[in-house]
Amino acid sequence: MAANQSGLQSFTMFSSSDDTIQQGFGFLDSSKKSLPSLPPCLEVLPSEVSSSVKYTVEHLDLSGLTLLKGRVSTQEVFQLSNSDLVPGKYEGGLKLWEGSLDLVKALQSEVQNGQLFLTGKRVLELGCGHGLPGIFSGLEGAAVVHFQDFNAEVLRCLTIPNVNANLLKKSQSLASDVEECKTDAEFRFFAGDWSEVHQIIPYAGTSVEGQSRSLELDQSPGYDIILMAETVYSVIALPRLYELIKKCLKYPNGVVYMAAKKHYFGVGGGSRRFISVVEKDGAMVASLVAEVADGSSNVREVWRICFK
């Protein structure tokens, strides 16, 4: 599937060839084959950034905000063609999806309108890939920004270089004002499947009830803000993703920002399907932040989810 001039990848489940294209963040719908064993959960250190894979940088202009996005070859990283997906090996994290840019724009708008304050906050981006929403949060003053992706290779070859490139750009443009540069955030990177990765994510708790008890002891677990883009396409993944969110979101004032297509045709997932999971559980409430109907794909949405 060809990208447009900005390198943006539209979400198409099946290409016109025999290649299957999906964005993966841990789970796939497959009734024909059992998935391979899950890779171990691990933290990827910034010093482990790949030096053997070619990384090129492109500029993205998002309503006056300029961010840098990297481009790497799926062939180099995973020994796969650029349109291949191998369940349990490569989950699509090297592609830039539309929802990631929608989410950055929505966050920018929320900050400008006084609806969101990132300064000093703990932020977790799930299924990060390029990590642009998390990078934006760090540049806006978040104290902690943690990134999660299924593939450690994506973090080493793309996410970490993207973070480095954007921080370097910011420091160069604001070299005269170190305080404005906002490079003091703690950036960390975690690889693993949604069903297990909470075991290594630093601020993840075990349950909302456990967080409530910790609050009484002033231990304050959880992330203030969880970000995710294009993570809800697969119906089978939705309950696991929601359970991870409940373990990681700070209670009672944490907030989730989710960008996704309203429906992912052919696989049954979508933003509305995920919202139905949230509403059925009853612990959280969701509100629509933005709707994008630009004709480049089916309708996309950005939602805000928080505890009742």
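Note: hydrogens, waters and symmetry copies are ignored here, and every other heavy atom, side chains too, is used.
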*Asks:* I'd like to check C128 versus L155 (side-chain heavy atoms, cut-off strictly below 4.5 Å). Are they in contact?
*Replies:* yes

*Asks:* Measure from the side-chain N and O atoms of D102 to the backbone N and O of A259, and report whether any donor-acceptor pair falls under 3.5 Å.
*Replies:* no

*Asks:* Report yes or no: do W194 and Q148 form a side-chain donor-acceptor pair below 3.5 Å?
*Replies:* yes

*Asks:* Nearest heavy-atom pair of V299 and A293: which atoms, and what distance?
*Replies:* CG2-CB, 4.3 Å

*Asks:* Whether the side chain of E125 engages the backbone of G134 through a donor-acceptor N/O pair (distance < 3.5 Å, no angle test) should be reported.
*Replies:* yes

*Asks:* Verify side chain to side chain contact (heavy atoms under 4.5 Å, CB included) between F150 and L38, making sure each step is shown before the conclusion.
*Replies:* CA-CA 9 Å; F150 181 82; L38 297 176; 4.2 Å; yes

*Asks:* To the nearest 0.5 Å, tell me how far L80 CG sits from T74 OG1.
*Replies:* 7.5 Å

*Asks:* Do L167 and L139 have side-chain heavy atoms sitting under 4.5 Å apart?
*Replies:* yes

*Asks:* Hey, are the side chains of L168 and Q172 touching, using non-hydrogen atoms and a 4.5 Å cut-off?
*Replies:* yes

*Asks:* Examine V72 and V57 and state if one hydrophobic cluster contains both, with Ile, Leu, Val, Met, Phe, Trp and Tyr joined whenever side-chain heavy atoms are less than 4.5 Å apart.
*Replies:* yes

*Asks:* Nearest 0.5 Å, what's the CG-OG distance between D281 and S276?
*Replies:* 11.5 Å

*Asks:* Can a donor-acceptor pair be found, under 3.5 Å and without considering hydrogens, that links the side chain of D149 to the backbone of N151?
*Replies:* yes

*Asks:* Taking T66's backbone N and O only, do any of them form a donor-acceptor pair with H59's side chain (distance below 3.5 Å, no angle check)?
*Replies:* no

*Asks:* In Å, rounded to the nearest 0.5 Å, how long is the span from CZ of F117 to CG of D224?
*Replies:* 13.0 Å

*Asks:* Could you go through the side chain to side chain contact (heavy atoms under 4.5 Å, CB included) check for V289 and E110 one step at a time?
*Replies:* CA-CA 9 Å; V289 173; E110 291 280 277; 4.0 Å; yes

*Asks:* Output, in order, the C-alpha distance, side-chain angles, deciding distance and verdict of side chain to side chain contact (heavy atoms under 4.5 Å, CB included) for L158 and E153.
*Replies:* CA-CA 8 Å; L158 183 62; E153 295 89 345; over 6 Å; no

*Asks:* Does the pair E301/K261 count as a salt bridge with the N-to-O cut at 4.0 Å?
*Replies:* no

*Asks:* Judged by modelled atom types alone, do N162 and Y55 share a side-chain donor-acceptor pair under 3.5 Å?
*Replies:* yes

*Asks:* Kindly indicate whether the side chain of M228, heavy atoms from C-beta on, has any atom under 4.5 Å from the side chain of V256.
*Replies:* yes

*Asks:* Would you call the rings of Y203 and H146 parallel, tilted or perpendicular, where under 30° means parallel and over 60° means perpendicular?
*Replies:* parallel

*Asks:* Please report the shortest heavy-atom distance between P161 and R156, naming the atom on each side.
*Replies:* CD-O, 3.5 Å

*Asks:* Is there a path of hydrophobic side-chain contacts, each under 4.5 Å between heavy atoms, that joins V302 and V292?
*Replies:* no

*Asks:* Among I225, V123, I305, exactly one meets side-chain contact (heavy atoms from CB on, under 4.5 Å) together with Y257. Which residue is that?
*Replies:* I225

*Asks:* May I ask you to decide if G268's main-chain N or O and R273's side chain share a donor-acceptor pair within less than 3.5 Å?
*Replies:* yes

*Asks:* Which residues satisfy the side chain to side chain donor-acceptor pair (under 3.5 Å) test with Q115, sequence neighbours excluded?
*Replies:* none

*Asks:* So, do L126 and L227 sit near enough that their side-chain heavy atoms are less than 4.5 Å apart?
*Replies:* no

*Asks:* Restricting to non-hydrogen atoms, name the atom on F189 and the atom on P46 that form the minimum distance, rounded to 0.1 Å.
*Replies:* CE1-CG, 4.0 Å

*Asks:* Should L288 and I226 be counted in the same cluster of Ile, Leu, Val, Met, Phe, Trp and Tyr side chains packed under 4.5 Å apart?
*Replies:* yes

*Asks:* Taking it one step at a time, do E243 and H198 satisfy side-chain hydrogen bond (donor to acceptor under 3.5 Å, both in side chains)?
*Replies:* CA-CA 10 Å; E243 287 303 313; H198 66 278; over 6 Å; no

*Asks:* Please confirm whether the backbone N or O of K105 pairs with a side-chain atom of S109, one donor and one acceptor, at under 3.5 Å?
*Replies:* no

*Asks:* Less than 4.5 Å apart, any side-chain heavy atom of C306 and any of V285?
*Replies:* yes

*Asks:* Looking at A286 and I275, what are the two nearest heavy atoms and their distance?
*Replies:* CB-CD1, 3.6 Å

*Asks:* So, does D61 use its side chain to make a donor-acceptor pair with the main chain of G64 at under 3.5 Å?
*Replies:* yes

*Asks:* Run F136 and L62 through side chain to side chain contact (heavy atoms under 4.5 Å, CB included) and show every step you take.
*Replies:* CA-CA 11 Å; F136 172 79; L62 305 174; over 6 Å; no

*Asks:* Would you name the heavy atoms of A283 and Y242 that are closest together and state the gap between them?
*Replies:* CB-OH, 4.1 Å

*Asks:* Are R300 and E291 ion-paired here, with the side-chain N under 4.0 Å from a carboxylate O?
*Replies:* no

*Asks:* Could you state the interatomic distance from CE (M258) to CD1 (I245), rounded to the nearest 0.5 Å?
*Replies:* 8.5 Å

*Asks:* Would you check if the side chain of S100 reaches a backbone N or O of W97 as a donor-acceptor pair within less than 3.5 Å?
*Replies:* no

*Asks:* Say you draw a straight line from CG of L132 to CG of L103; how long is it, rounded to the nearest 0.5 Å?
*Replies:* 9.5 Å

*Asks:* Atom CD1 in I201, atom SG in C248: separation rounded to 0.5 Å?
*Replies:* 4.5 Å

*Asks:* Indicate the atoms forming the closest heavy-atom contact of K308 with M284, along with that distance.
*Replies:* CE-O, 3.6 Å

*Asks:* With under 30° as parallel and over 60° as perpendicular, where do the rings of F187 and F147 fit, or are they tilted in between?
*Replies:* parallel

*Asks:* Using a strict cut-off of less than 4.0 Å between a Lys/Arg side-chain nitrogen and an Asp/Glu carboxylate oxygen, indicate whether E76 and K54 qualify as a salt bridge.
*Replies:* no

*Asks:* Quick check: do E279 and F274 have side-chain heavy atoms less than 4.5 Å from each other?
*Replies:* no

*Asks:* Do L60 and L65 share a hydrophobic cluster (ILVMFWY, side-chain heavy atoms under 4.5 Å, transitive)?
*Replies:* yes

*Asks:* Between Y223 and R122, does the side-chain hydrogen bond (donor to acceptor under 3.5 Å, both in side chains) criterion hold? Intermediate values first, please.
*Replies:* CA-CA 5 Å; Y223 292 86; R122 295 175 185 165; over 6 Å; no

*Asks:* Does the distance from a Lys or Arg side-chain N to an Asp or Glu carboxylate O, for D193 and R240, drop under 4.0 Å?
*Replies:* no

